[in-house]
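Start at 1 with the first residue, then count along the sequence. Computed from a prediction, not measured in an experiment: that's the story for all the values here. Any value given below was found using the heavy atoms of this structure, including those in side chains, with hydrogens, waters and symmetry copies removed.
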Amino acid sequence: MKKSLGIALLSGALLLSGCGTKEENVEKNNTSENAESVDTNNVKTESVVFNGLADTHSMEVKSGNKVMSIQFDPEMLDKIQELEEGEEVQLKYKENEKDQLELVEIIEK
C-alpha cells in the first residue's frame with residue numbers, strides 16, 4: 001500500500017511539474033516578439049562596391065578596406081545579377097543569429 005501511494009504521489013508531482021502557468025506562456029510569447037522586433041531594428045544601410053557573386057546565395061562587397069560576404073534569398077538573384085563588378089550600390093542588410101550578414105534590400109541609385 002505504501003509503495004502504490006508513493007508511486008501515485010510521485011506520478012502526480014511529475015505531471016503537475018510539466019504544466020506552466022498562463023503568465024509564463026505570455027512572458028515567453030512576449031520575449032520572442034521582442035527578439036523579432038530587435039532583429040528588424042538591426043538593419044544597416046551602407047554604400048558598398050559590388051565585387052561579384054561568391055556563390056549561388058551570397059555576394060561579396062567592399063566597404064572601405066573591409067570585404068564582406070552577404071547572403072541573400074534566391075528571389076533576389078536576378079536583381080543582383082544586373083549589378084556590374086566595381087559598381088557602387090547602396091544596400092540594407094542585417095546580422096542574423098549566426099553572425100552572418102543577410103541582404104534585406106538593394107536601394108536603387
Side-chain angles (χ1 to χ4, degrees):
M1 179 77 174
K2 287 183 182 183
K3 272 188 174 180
S4 60
L5 180 61
I7 291 173
L9 287 174
L10 184 59
S11 297
L14 286 173
L15 284 173
L16 292 175
S17 68
C19 297
T21 65
K22 185 175 181 179
E23 287 132 16
E24 289 174 348
N25 291 336
V26 168
E27 185 177 316
K28 287 179 185 176
N29 286 339
N30 287 341
T31 303
S32 66
E33 288 172 8
N34 288 341
E36 290 175 13
S37 65
V38 168
D39 191 43
T40 58
N41 290 333
N42 194 24
V43 175
K44 297 177 184 174
T45 303
E46 190 169 350
S47 290
V48 298
V49 175
F50 177 69
N51 286 345
L53 291 172
D55 53 37
T56 58
H57 65 278
S58 60
M59 59 193 276
E60 184 179 283
V61 298
K62 186 174 182 180
S63 174
N65 292 329
K66 186 169 103 176
V67 175
M68 303 183 296
S69 180
I70 301 177
Q71 296 185 354
F72 57 85
D73 291 329
E75 64 263 5
M76 299 179 96
L77 181 60
D78 288 340
K79 191 166 186 175
I80 293 168
Q81 286 179 327
E82 292 174 6
L83 300 174
E84 294 189 28
E85 288 185 28
E87 181 178 348
E88 188 173 324
V89 64
Q90 194 169 23
L91 304 176
K92 285 188 178 184
Y93 64 93
K94 65 181 179 179
E95 193 171 314
N96 68 16
E97 61 278 349
K98 296 178 184 176
D99 296 328
Q100 299 166 326
L101 302 179
E102 292 180 348
L103 184 62
V104 175
E105 179 183 359
I106 298 175
I107 302 169
E108 297 293 329
K109 284 199 141 193

Start with the C-alpha distance between I107 and K92, add both sets of side-chain angles, then the distance that settles side chain to side chain contact (heavy atoms under 4.5 Å, CB included), and finish with yes or no. CA-CA 7 Å; I107 302 169; K92 285 188 178 184; 3.7 Å; yes

Measure the spacing between [atom1] of [X] and [atom2] of [Y] and express it to the nearest 0.5 Å.
| X | Y | atom1 | atom2 | result |
| --- | --- | --- | --- | --- |
| N96 | L101 | CG | CG | 8.0 Å |
| L53 | F72 | CG | CZ | 5.0 Å |
| M76 | H57 | CE | NE2 | 14.5 Å |
| M59 | F50 | CE | CZ | 5.0 Å |
| Q71 | Q100 | CD | CD | 4.5 Å |
| N51 | S69 | CG | OG | 10.5 Å |

NZ/K79: more than 12 non-hydrogen atoms of other groups inside 6.0 Å: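 Count over threshold, so yes.
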
Do other residues, nucleotides or ligands put more than 12 heavy atoms under 6.0 Å from the CD atom of E75? yes

Would M68 and Y93 satisfy side chain to side chain contact (heavy atoms under 4.5 Å, CB included), going step by step from the backbone distance to the final call? CA-CA 11 Å; M68 303 183 296; Y93 64 93; 4.1 Å; yes

I want to check something: taking the side chain as every heavy atom from C-beta on, are [X] and [Y] in contact at a cut-off of under 4.5 Å?
| X | Y | answer |
| --- | --- | --- |
| V61 | V67 | no |
| E46 | L91 | no |
| I106 | V89 | yes |

Which heavy-atom pair separates [X] from [Y] by the least distance, and what is that distance?
| X | Y | result |
| --- | --- | --- |
| S63 | V48 | CB-CG1, 4.0 Å |
| E88 | S47 | OE2-CB, 3.8 Å |
| N65 | K62 | CA-CE, 4.2 Å |

Evaluate the criterion side chain to side chain contact (heavy atoms under 4.5 Å, CB included) for residue pair Q90 and T45; output intermediate values, then yes/no. CA-CA 7 Å; Q90 194 169 23; T45 303; 3.4 Å; yes

